[in-house]
Amino acid sequence: MGLIVQKYGGSSVADADGLKRVAARIVATKKAGNQVVVVVSAMGDTTDELIDLANQVTPLPNGRELDMLLTAGERISMALLAMAISNLGHEARSFTGSQAGVLTTSAHGKARIIDVKPSRITEAINEGAIAIVAGFQGINQDTKDVTTLGRGGSDTTAVALAAALEADVCEIYTDVDGVYSADPRAVPSARKLKTVTYEEMLELAASGAKVLHLRCVEYARRYDLPIHVRSSFSNQEGTWVVKDHPEGASDMEQAIIAGIAHDKSEAKVTIVGVPDRTGVAARIFQTIADADINIDMIVQNVSAAATGLTDISFTLPKAEGAEATQILNDIKGEIGFQSLQYDDQIGKLSLVGAGMRSHPGVTATFFACLSEAGINIEMISTSEIRISIICRVEDLEKGVKAAHSAFELDVDGEAVVYGGTGR
Ligand code: ADP
Ligand code: ASP
Ligand code: MG
């Protein structure tokens, strides 16, 4: 008998029919002789709708209350899913994140899982029931408050539970057949990857490929837990996220570029006329860090000889743009910079692939294809297995397609997108 953790995303349980379809799949897994723990997301676009609602009440919702509101989405789906399973004649028990023992830091909206103590889940499955757990939520033991793990966090709940329960596999069910060489919504000719390494998937997830939540991949790598990403709408074998590509994988699977990710969720802040003195950059970025704001790319220009002033640009999540500009303006006098510019019309395009290490010329090919597509590069950052650029947001999808062809990743036929609104 195996222990399987399955996670179903919002588009898989978008309505009553979806819940019933998923319930049947879960029951089939149970009937095949497995113990089954299910993590479920909020139905369809519920989380977005709840956020919209909060923003209609106040421009800056309080973190604690927003988390309280958002966790309600997963409560609805977990209870309905348990009912649908019970209607098929099998016992199912639903649990909130806190009941399932998901303990987190106190950072509302972006809490990290510290520990998972799933005794109630173990008890339920040992008694023959199917356990249904609300994704994306936990509890902080000091404040006793309910927290959320950030958008897409149900993937992380699933992997963390799978690790704590020592499950045989964690299956992530979504609205596409696996991890593709690019978002199939942007590139219909994208190819499905048989395997992708933790390392590559981490870079893809960090660069905006929202098919998996970044922390879920970090978790899986730490515990060496294989993840199977597949569709809840088909029976096709999906993509395995694993430590290494299997021996004998075809050339295509060891392509130089595993995938191309794009991200529209970042904004760029430019601090104009910064005195080029030791300690200034440290002061600026410490202020940002103190507000718990994560920054991504940074560019500092050479200072103009005549003035000794320079410009510093960095990117950050749009959602934190207002707060960042406010706290920077608060230290304007102290630092002595001239002005701040805020630009939320940027897009980030990233090429990811372990093969880059041993293949020179990837950057040259990438930049040449962007130039042919008439796309101007505004910022660049690299890691050992990734190259990212910032461009205008309206050029982004054109850039993804151009890079996808330049690296010969296109396949015949269209990748199927079964559901979801792409929101
Ligand atoms: P769920 O609701 O199941 O969690 P998400 O919307 O979070 O689903 O993630 C699935 C979506 O991720 C797909 O519909 C697809 O548009 C997007 N996506 C982005 N990059 C990729 C990629 N490289 N491969 C597959 N899907 C991707
Ligand atoms: N419902 C949450 C969201 O939409 C968590 C998740 O689906 O993973 O972000
Ligand atoms: Mg998701």
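Remember, it's 1-based here, ligands and their atoms both numbered in the order they're listed. Everything numeric here is computed off the predicted structure, so don't read it as measured data.
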Practice problem: To the nearest 0.5 angstrom, please state how far the OG1 atom of Thr315 sits from the CD1 atom of Ile295. | Solution: 7.5 Å
Quiz item: Which is closest to atom 6 (C) of ligand 2 by heavy-atom distance: Gly9, Ala158, Ser154, Cys216?
Solution: Ser154
Quiz item: So does Glu408 pair up with Arg191, basic N to acidic O under 4.0 Å?
Solution: no
Quiz item: At a 4.0 Å threshold, what atoms of ligand 2 neighbour a non-hydrogen atom of Arg151?
Solution: 3 (C), 4 (O), 9 (O)
Quiz item: What distance separates Gln56 CD from Ile51 CD1, expressed to the nearest 0.5 Å?
Solution: 12.5 Å
Self-check item: salt_bridge(Lys7, Asp155) N-O dist < 4.0 Å
Solution: yes
Quiz item: Any idea which atoms of ligand 2 are less than 4.0 Å away from a heavy-atom of Gly153?
Solution: 5 (C), 8 (O)
Practice problem: Let me know which protein residues bring a heavy atom to under 4.0 Å of ligand 1; chain then number is fine for ordering. | Solution: Lys7, Gly9, Gly10, Ser11, Tyr173, Thr174, Asp175, Val176, Gly178, Val179, Tyr180, Ala182, Asp183, Pro184, Arg185, Ala209, Lys210, Val211
Quiz prompt | Lys7, any N or O under 3.5 Å of ligand 2 N or O | solution = no
Exercise. Check each atom of ligand 2 against the heavy atoms of Thr47 and keep those under 4.0 Å away; list them by number with element.
Key: 1 (N), 2 (C), 3 (C), 4 (O)
Quiz item: Among pairs that include at least one residue of residues 210-220, which meet side chain to side chain donor-acceptor pair (under 3.5 Å), considering only residues two or more places apart or in two chains?
Solution: Thr156-His213
Quiz item: Any Lys/Arg nitrogen of Lys318 or Asp344 sitting under 4.0 Å from an Asp/Glu carboxylate oxygen of the other?
Solution: no
Quiz item: Which pairs count as side chain to side chain donor-acceptor pair (under 3.5 Å) when at least one residue sits in residues 179-190, sequence neighbours excluded?
Solution: Asp175-Arg185, Ser181-His404, Ser189-Asp410
Quiz item: When you check the gap from the basic side-chain N to the acidic O, do Lys348 and Glu378 get nearer than 4.0 Å?
Solution: no
Practice problem: For the pair Phe314 and Phe285, name the ring-plane relationship: parallel under 30°, tilted 30 to 60°, perpendicular over 60°. | Solution: perpendicular
Quiz item: Would you call Gly10 a ligand 2 contact, heavy-atom distance under 4.0 Å?
Solution: no
Exercise. Only heavy atoms count here, so choose which of Glu74, Met43, Gln137 is nearest to atom 1 (N) of ligand 2.
Key: Glu74
Quiz item: Looking only at distance, does Gly152 have an N or O less than 3.5 Å from an N or O of ligand 2?
Solution: yes
Quiz item: How long is the gap from CD on Glu397 to CG on Leu349, to the nearest 0.5 Å?
Solution: 11.0 Å
Quiz item: Should you measure from each heavy atom of Ser41, which atoms of ligand 2 turn up under 4.0 Å away?
Solution: 6 (C), 7 (O), 8 (O)
Quiz item: Can you name the residues that form a salt bridge (Lys or Arg N to Asp or Glu O under 4.0 Å) with Glu166, not counting sequence neighbours?
Solution: none
Quiz item: Under 3.5 Å between some N or O of ligand 2 and some N or O of Asp155?
Solution: no
